[in-house]
Structure formats: structure tokens, C-alpha cells
Student: 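Dropping the structure in here first, questions after.
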Amino acid sequence: MCLPSPRARAADLVGIALSSACLVHCLALPLALLVAPALGGWLRLPEWLHAAILMLALPAALIAMAEGWRRHRRGTAPLFAAAGVGLLAFGLAAHEGWLTTANPETADRLFSSAGAIALVTAHLLNWRQRHGTGHR
């Protein structure tokens, strides 16, 4: 069994961390705002955060998935990663008002949450398959 390169391991870890942070942002923050409306003014995040997360998640996914593909030649993780990045892009589009939806805020949350879950799944699968524990 070959050990993955430090760059690929780091890319998977960054991808997992960013996707998890995105999921917490998408799900926990609205719940916190419902419980404590007074915190709303303190917890406002910059508008550019959605684009920044996508711009960080994309190269992390590309590096990790490319290295994983070279090692295990399985397409499941890259497919999840592509779906995740695509869903994050739809979330950004909904957030910015580029998609025509009845409720852009809900669409943003749904797309971004699904994308974050797909990316976490992709990175975990990739990690598992690179380390030889995902063989069938």
C-alpha cells in the first residue's frame, strides 16, 4: 500500500474542514439566530464569504480527488466532489440572486448544505480509499 502524498492528505483535510465549516454556517447559524435574535447583529458574516468558501473548496477538492484517482482509480469520491462543488455554486448563485427562486435564502441554505455534505462525503471516501480501507 502506497502512502498518500502530504499534499493530498492536506487537501483532503482542508476540504473536510471547509465543507464542515460551510455546513455549520448553513445550519447552525440560522438555528442560533432563531434561538437568540439579539445575536443577529453580532454574527453577520461578510457577503463575500460564500464566494471565498467556494474558491477555497474547489482547489482543495481538485488536488485531493486527482491524487486519490491516481492511487485508487475509483470514481465515487470525484463524483461526490463534483456534485458538492456544483451545489455550492448553486448556493452562491441563489445567495447572490442569480437564480430565480421563490425564496433565495432557503435555496442558498439547501444548496449549500447539500454541497457541503457531498464534499465532506467525497473527501472522507477519498481518504478511506487512499488508505486502503475502502476496498470491496
Student: What are the two closest heavy atoms between Gly75 and Pro78, and how far apart are they?
Tutor: O-CD, 3.3 Å
Student: I'd like to know whether Arg9 forms a side chain to side chain contact (heavy atoms under 4.5 Å, CB included) with Glu67, so could you lay out the CA-CA distance, the side-chain angles of the two residues, the decisive distance to 0.1 Å, and finally the verdict.
Tutor: CA-CA 9 Å; Arg9 282 192 311 222; Glu67 183 70 25; over 6 Å; no
Student: Calculate, to the nearest 0.5 Å, the distance between atoms CG and CZ belonging to Leu79 and Arg74 respectively.
Tutor: 13.5 Å
Student: Mind jotting down which residue pairs meet the side chain to side chain donor-acceptor pair (under 3.5 Å) criterion with at least one end in residues 83-95? Sequence neighbours excluded, please.
Tutor: Glu47-His95, His95-Asp108
Student: Test side chain to side chain contact (heavy atoms under 4.5 Å, CB included) on Asn126 and Trp69 and set out the steps.
Tutor: CA-CA 8 Å; Asn126 196 46; Trp69 175 257; over 6 Å; no
Student: For Ala107, give me all partners under side-chain contact (heavy atoms from CB on, under 4.5 Å), at least two apart in sequence or on another chain.
Tutor: Ala94, Thr101, Phe111
Student: Give me the atom names and distance for the closest heavy-atom approach of Ala81 to Ala122.
Tutor: N-CB, 3.4 Å
Student: Output every pair passing salt bridge (charged side-chain N to carboxylate O under 4.0 Å, His left out) with a member in residues 95-106, not counting sequence neighbours, ordered by first then second residue.
Tutor: Glu105-Arg109
Student: Identify the heavy atoms of Ala64 and Arg130 that sit nearest to each other, and give their distance.
Tutor: O-NH1, 4.3 Å
Student: According to side chain to side chain donor-acceptor pair (under 3.5 Å), does anything in residues 115-125 pair up with another residue at least two apart or in another chain? List the pairs.
Tutor: Asp12-His123
Student: Can you sort out the partners of Arg7 under side-chain hydrogen bond (donor to acceptor under 3.5 Å, both in side chains), two or more places apart, ordered by chain and number?
Tutor: none
Student: With a cutoff of under 4.5 Å between side-chain heavy atoms, which Ile, Leu, Val, Met, Phe, Trp and Tyr residues group with Leu58?
Tutor: Leu54, Met55, Leu62, Val85, Leu88, Leu92, Trp98, Leu119
Student: Measure the spacing between OG of Ser20 and CD1 of Ile117 and express it to the nearest 0.5 Å.
Tutor: 10.0 Å
Student: Other than Leu124, which residues form its hydrophobic cluster under the rule that side-chain heavy atoms must be closer than 4.5 Å?
Tutor: Ile16, Val120
Student: Give me the other members of the hydrophobic cluster that Leu125 sits in, counting Ile, Leu, Val, Met, Phe, Trp and Tyr linked by side-chain heavy atoms under 4.5 Å, directly or via other members.
Tutor: Phe80
Student: If hydrophobic residues (ILVMFWY) are linked whenever their side-chain heavy atoms come closer than 4.5 Å, directly or via other members, who joins Leu56 in its cluster?
Tutor: Val14, Leu18
